[in-house]
Amino acid sequence: AKGNWDMYCVFMELATKYARYEGRIGQIVQNKILAAEYAEKTRKELSKYQINNIRDYSDVDLFEGDTYTVVLVLENTSPGNKTLIEQMESENEVVTKSKFEVNSEIFASLESSWSVISHPAFSLLEKLPRGDLSSIEVTGGATVSEAYEFKEVIQDLSYAEQLSDSDYKLVNTGTIGRWYSQWGLED
């Protein structure tokens, strides 16, 4: 560990170092491991192993205080199989809000943040051509009042007009069709 870090980063790194080949590692850690800058080295190290399961208990009050946890289960082998991603909604029963699989090789492309993986839409990335996913940025949604603040700076372009390199495409949930954005299209 180097710089600012949490103790679980050290435990995860040591667990992978000392696990026998094909041995399994399971740890309950803070969900910060998925996105915190100080855990980037740990994520890079973990991406070298088969990540079998990530159970996200962030919406479940497992511990007192504001502790949001995930359970990571790894195998001391190279990535190559599917990783099961589960968002849990109960601590007493295995009740999931969402459950899907992704190819475990994807984690090496997402060193800067794994937080996106807990969203079911992430599995759609599996359908995209392989490439460098490190430049993908996922931001949260805006409230209705925040969306109205954008109104002053949004320019509606027709599909015939081209976006410049400095432009961003804005999509809201009311304009998403099954396979394409309907933003700017007339009924």
Side-chain angles (χ1 to χ4, degrees), residues 1-20 22-79 81-126 133-147 173:
K2 198 174 194 181
N4 291 333
W5 48 273
D6 272 330
M7 188 65 75
Y8 63 84
C9 292
V10 176
F11 280 103
M12 288 300 293
E13 290 176 29
L14 288 173
T16 57
K17 181 179 178 181
Y18 291 111
R20 67 175 172 78
E22 295 183 341
R24 292 194 178 193
I25 304 157
Q27 291 195 10
I28 300 171
V29 295
Q30 291 183 7
N31 70 353
K32 292 178 184 180
I33 198 168
L34 301 177
E37 189 175 324
Y38 61 78
E40 190 169 328
K41 181 181 177 281
T42 302
R43 286 191 299 276
K44 184 175 183 175
E45 185 63 28
L46 296 180
S47 70
K48 297 175 186 175
Y49 299 91
Q50 171 60 42
I51 301 171
N52 290 328
N53 186 246
I54 298 177
R55 276 194 172 175
D56 186 351
Y57 285 92
S58 297
D59 294 336
V60 180
D61 191 18
L62 290 179
F63 302 102
E64 289 184 23
D66 292 332
T67 302
Y68 305 101
T69 56
V70 294
V71 175
L72 297 176
V73 178
L74 300 105
E75 188 173 323
N76 190 357
T77 59
S78 297
N81 295 318
K82 296 282 188 180
T83 300
L84 179 63
I85 311 290
E86 299 172 290
Q87 281 188 313
M88 309 308 290
E89 53 177 45
S90 172
E91 65 182 272
N92 299 322
E93 301 173 33
V94 180
V95 179
T96 58
K97 284 185 188 181
S98 65
K99 183 177 183 177
F100 58 95
E101 291 183 325
V102 297
N103 287 321
S104 60
E105 294 97 345
I106 199 90
F107 294 101
S109 301
L110 296 170
E111 290 173 16
S112 62
S113 178
W114 290 0
S115 62
V116 68
I117 58 153
S118 64
H119 194 284
F122 181 76
S123 61
L124 293 175
L125 289 178
E126 295 279 283
L133 300 178
S134 62
S135 64
I136 291 176
E137 180 178 339
V138 177
T139 57
T143 64
V144 173
S145 63
E146 290 169 333
T173 56

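Side chain of Ser104 to main chain of Asn81: a donor-acceptor pair is present (N/O by atom type, distance under 3.5 Å, no hydrogens or angles). Looking at Asn76, its side chain does come within 3.5 Å of a backbone N or O of Arg20 through a donor-acceptor pair.
Arg24 has its side chain within reach of Asn52: a pair of non-hydrogen atoms, C-beta onward, lies under 4.5 Å apart. In this structure, Val71 and Asp56 have side chains that are not in contact, with every pair of non-hydrogen atoms separated by 4.5 Å or more. Between Trp114 and Leu46 the shortest side-chain heavy-atom distance falls below 4.5 Å. Inter-residue side-chain proximity for Glu89 and Asp59 is flagged as unmet; no heavy-atom pair is nearer than 4.5 Å.
Rounded to the nearest 0.5 angstrom, Lys32 NZ and Thr67 OG1 are separated by 8.5 Å. Atom CD of Gln30 and atom CZ of Phe63 lie 10.0 Å apart (nearest 0.5 Å). Once rounded to the nearest 0.5 Å, the distance linking OG1 of Thr69 with CE of Met88 reads 10.5 Å. From Phe107, atom CZ reaches atom CD1 of Ile54 across 4.0 Å, with rounding to the nearest 0.5 Å. To the nearest 0.5 Å, atom CD of residue Glu105 and atom CD1 of residue Ile51 are 10.5 Å apart.
For the residue pair Asn31/Ser58, the side-chain donor-acceptor check at 3.5 Å is satisfied.
Taking both residues in full, the closest heavy atoms of Cys9 and Ala39 are given as SG-CB, 3.9 Å, listed atom of the first, atom of the second, then distance.
Residues meeting the side-chain hydrogen bond (donor to acceptor under 3.5 Å, both in side chains) test with Tyr8, sequence neighbours left out: Tyr38. Residues passing the side-chain hydrogen bond (donor to acceptor under 3.5 Å, both in side chains) test with Thr16, sequence neighbours excluded: none. By the salt bridge (charged side-chain N to carboxylate O under 4.0 Å, His left out) test, Glu45 is found to be paired with Lys48, residues two or more places apart in sequence or in another chain being considered. Considering only residues two or more places apart in sequence or on other chains, Thr77 meets the side-chain contact (heavy atoms from CB on, under 4.5 Å) condition with Tyr21, Glu22, Gln50, Glu75. In terms of the side-chain hydrogen bond (donor to acceptor under 3.5 Å, both in side chains) criterion, Asp61 has no residue partners (sequence neighbours excluded). Asn53 meets the side-chain contact (heavy atoms from CB on, under 4.5 Å) test with Arg55, Val73, Leu84, Glu86; sequence neighbours excluded. With sequence neighbours excluded, no residue forms a side-chain hydrogen bond (donor to acceptor under 3.5 Å, both in side chains) with Ser78.
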